[in-house]
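Scroll down for the structure; my scribbles are underneath it.
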Protein chains: 4
Amino acid sequence: MTNAKSPSERRAHLVRLAGDLFAEKGFRATTVREIADAAGILSGSLYHHFDSKESIGDEILSAFLEDVLAGYREAIRETADPRTAIEQIVRSSTATLGRHRAALTMLQNDWNYFSGQPRFAYLRTAMKEIEQTWIDQLERGKQTGQFRADLDARLTYRLLRDILWLPTSWRPSATWSTEQIVDGLLRLLFDGITVP
Amino acid sequence: MTNAKSPSERRAHLVRLAGDLFAEKGFRATTVREIADAAGILSGSLYHHFDSKESIGDEILSAFLEDVLAGYREAIRETADPRTAIEQIVRSSTATLGRHRAALTMLQNDWNYFSGQPRFAYLRTAMKEIEQTWIDQLERGKQTGQFRADLDARLTYRLLRDILWLPTSWRPSATWSTEQIVDGLLRLLFDGITVP
Amino acid sequence: MTNAKSPSERRAHLVRLAGDLFAEKGFRATTVREIADAAGILSGSLYHHFDSKESIGDEILSAFLEDVLAGYREAIRETADPRTAIEQIVRSSTATLGRHRAALTMLQNDWNYFSGQPRFAYLRTAMKEIEQTWIDQLERGKQTGQFRADLDARLTYRLLRDILWLPTSWRPSATWSTEQIVDGLLRLLFDGITVP
Amino acid sequence: MTNAKSPSERRAHLVRLAGDLFAEKGFRATTVREIADAAGILSGSLYHHFDSKESIGDEILSAFLEDVLAGYREAIRETADPRTAIEQIVRSSTATLGRHRAALTMLQNDWNYFSGQPRFAYLRTAMKEIEQTWIDQLERGKQTGQFRADLDARLTYRLLRDILWLPTSWRPSATWSTEQIVDGLLRLLFDGITVP
DNA sequence: AATGAATGAGTGTTCATTCAT
DNA sequence: AATGAATGAACACTCATTCAT
């Protein structure tokens, strides 16, 4: 009668519903009642599947960061050329971010909230690895003579990172395809806007 | 011991205190009790000076945007050269953003919240003017041959804007002076990271 | 010990409790905490059943007016004789008002508050229908020669209406039965106090 | 420079302003801030003239009841004829009520609030005297054969009293003059609406 | 006679969470 | 797996009142 799904499928479905709402209005601004409404159940019933709202957030966020880091690690493992590595990082980020739109907006809207809690300590850890990867590649590029010698790697990273995390940018639209966005970004990053 | 201040000074002081808290933890995440605590008064007493929490936010946000727009308008009024105009915009933004750190984090954390309310309609208006200014200058630069002809002005703006609005970047630190940050950014913007 | 009731019974019970308090001290003067106390729960728990204090008032008031208007409509549908119609209106009002004591005091104490809100616009609408019904019957009685020709229908209605809405009068007491009250009122209305 | 008024004039002016607001929105629903605003001063400054909001209400209410009772006493002192006495009571009430519109609405909206407080005990006392006066005259009229013998004096009073206290009725309008209202009421009271 | 700042108790409301059924 | 009812702490806000200046 009811199309019986496996328990974990039901659970995954709820996480996805919650993620959509988190993406739309932020983690804190989304109430468990809204999540439950979207699922067609009562708010209390959610606690049969999760022991807290934060545990839903945890699930979304940790899956996202594992995915991101996997992309970064693969990018630097596959190639010795820093320019190619950075290009690969950017391209892998595009794909990853497209898959985890909810996680991204959650981090942007409520970074302070999450990063302050012990439970989400892995957020800071992951961000450090991401930063270090960028700095490493930028420094190596300076040594190979591919990147400008006067580049401050850390400063450049800070200036660049957020461009990568703009959720709107990463949603292919009627105006720009994903490819166009990535190419535009890489062109900007490597060559700037000035005619040489 | 009580240093008598002018009537409006007290009010301005409270706005500053509130702004610091908003910057630190977001507008919504900051309670009026926390603001009152910071001022050493009771929460209800705040309403002697403001008629709502939102009106404090309004004061901070509108002051910020007026300041930003003034900088943009002056930048394009003073010069006909698009490259110089953009450089001027970036430099004025640096100064403005340094003066309005609270407003910036408020917008980043709670953009959805504010932009959805009629009271804050001016936020969207201002953002449109900012976007248009960037696109205008980028297009003009393409026509003068200063910028690459294949530049998608709108896409480039979207990619660039947020780099300008990173509050962390704009706080001069022990590591980087404001000058260094601006120069690094302009270098990146105009020339990219690659050795020509 | 807990007598299991149907879901909506609980809700109806709360409405009744709230109505008693509203009748006793007025709608505005009654706090949601008092209602909750009367129900033996916490104030916040009321919001599981209602989405606002006003929605409780709405429920009470609209039920009352529907009942009143039903009585009026039936009275004028059943009879063509204006004197009988008015007598029927008075008798039906007696019954209705006895069933809705809370609504009546709410309207008397907080008419200004309610009638000013769009949500309660139906209050004014209903009052207009009530007034029109009275005026119609009084005018018809003048034409049939049953009522004095010099009667100002509108003025008479205004003078009469509130006599019908006195909650104290409509509570049968040790002193007077409901029948006595209605008869007294009708006698007064039709014949005055003077010996003919 | 400033047109200096006597202290008591200023005070009386404030009482009048407050009374207007009380009449418009009820005693409890009117805030001291609103009174102060109407007077062009700050709310705290009112406490230079009155020691509480209730003391303003007290002033208005006690003046009203003294006036009402004076009218009643004079009416029964001047004449031995109960019908004339009642007519005189009604006529004097009209005048009095016109002069104390604020007091009347205050009593109607917030009777429960006032009558429950020891400070306003005189309200109940005065109402008792009013009731007794009506009953006395009605009984005497029955004995003289002027009023119907089957009249329940107490019930009739209850049914009549509120008709006298309708503030809207007592404000002469474009539609009805004060005279018309009084005459209409007396006609209704003595003769009813039926053609003899 | 008035200001400007503050108090403190209270208001309606929200929301993550719990739990017996 | 879900319901329906409730909790309890917090929230933004109100308002009569006080008081030093």
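Throughout, a chain's letter reflects where its sequence line sits, starting with A, and its residues are numbered from 1. Keep in mind that this is a model prediction, so the values were computed, not measured.
For dT14(F), the OP1/OP2 oxygens have no side-chain nitrogen or oxygen of H48(B) closer than 4.0 Å. Under 4.0 angstrom from either OP1 or OP2 of dA5(E) there lies no side-chain N or O belonging to S45(B). Look at Y47(B) and you'll find a side-chain N or O under 4.0 angstrom from OP1 or OP2 of dC13(F). Here R11(C) does not reach the OP1 or OP2 of dG4(F): none of its side-chain N or O atoms lies under 4.0 Å away.
Look at CZ on R10(A): it is 8 Å from P on dA1(F), rounded to the nearest Å. Atoms OH (Y113(B)) and P (dC11(F)) sit 14 Å apart, rounded to a whole Å. Spacing between atom CD of E34(C) and atom C1' of dG12(E) amounts to 13 Å, rounded to whole angstrom units. Across the protein-nucleic acid pair, L42(A) atom CG and dG4(F) atom P stand 6 Å apart, rounded to whole Å. F50(A) has its CZ atom 17 Å from the C1' atom of dT18(E), to the nearest Å. The interatomic distance linking H13(B) (NE2) with dG4(E) (C1') rounds to 16 Å, in whole Å. Counting to the nearest Å, the C1' atom of dA1(E) and the CG atom of L14(D) are 11 Å from each other.
Of the inter-residue distances, the one linking M106(C) atom CE with R101(C) atom CZ reads 12.5 Å to the nearest 0.5 angstrom. Rounded to the nearest 0.5 angstrom, Q108(A) CD and N112(B) CG are separated by 10.0 Å.
For R33(C) and dG12(E), a side-chain-to-base donor-acceptor distance below 3.5 Å is present, hydrogens and geometry of angles not being considered.
Although no hydrogens or angles enter the test, the distance criterion places a donor-acceptor pair under 3.5 Å between the side chain of D110(A) and the main chain of F27(A). Although no hydrogens or angles enter the test, the distance criterion places a donor-acceptor pair under 3.5 Å between the side chain of S115(B) and the main chain of W111(B).
Residues that satisfy the ring-ring contact (aromatic ring centres under 6.0 Å, His included) test with F120(D), not counting sequence neighbours, are F114(D). For S43(D), the side chain to side chain contact (heavy atoms under 4.5 Å, CB included) partners are V32(D), R33(D), A36(D), not counting sequence neighbours. The side chain to side chain donor-acceptor pair (under 3.5 Å) search around R16(A) returns none, not counting sequence neighbours.
Across all strands shown, I41(B) has heavy atoms under 4.0 Å from sugar-phosphate atoms exclusively, and none from any base. Residue contacts shown for S52(A) are limited to sugar-phosphate atoms, with no base heavy atom under 4.0 Å away.
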| Under a cut-off of 3.5 Å for both distances of each Watson-Crick or G-U pair, what dot-bracket string does DNA chain F give, using [ ] for crossing pairs and | for inter-strand pairs? | .||||||||||||||||||||
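The residue from I41(A), L14(A), T30(A), V15(A) that alone fulfils the side-chain contact (heavy atoms from CB on, under 4.5 Å) condition with I35(A) is T30(A).
Judged as a salt bridge (charged side-chain N to carboxylate O under 4.0 Å, His left out), the pairs with a partner in residues 49-63 of chain A (not counting sequence neighbours) are, in order, R11(A)-E59(A), D58(A)-R119(A).
Non-hydrogen atoms lying under 4.0 Å from DNA chain E are contributed by T30(A), T31(A), all within residues 21-31 of chain A.
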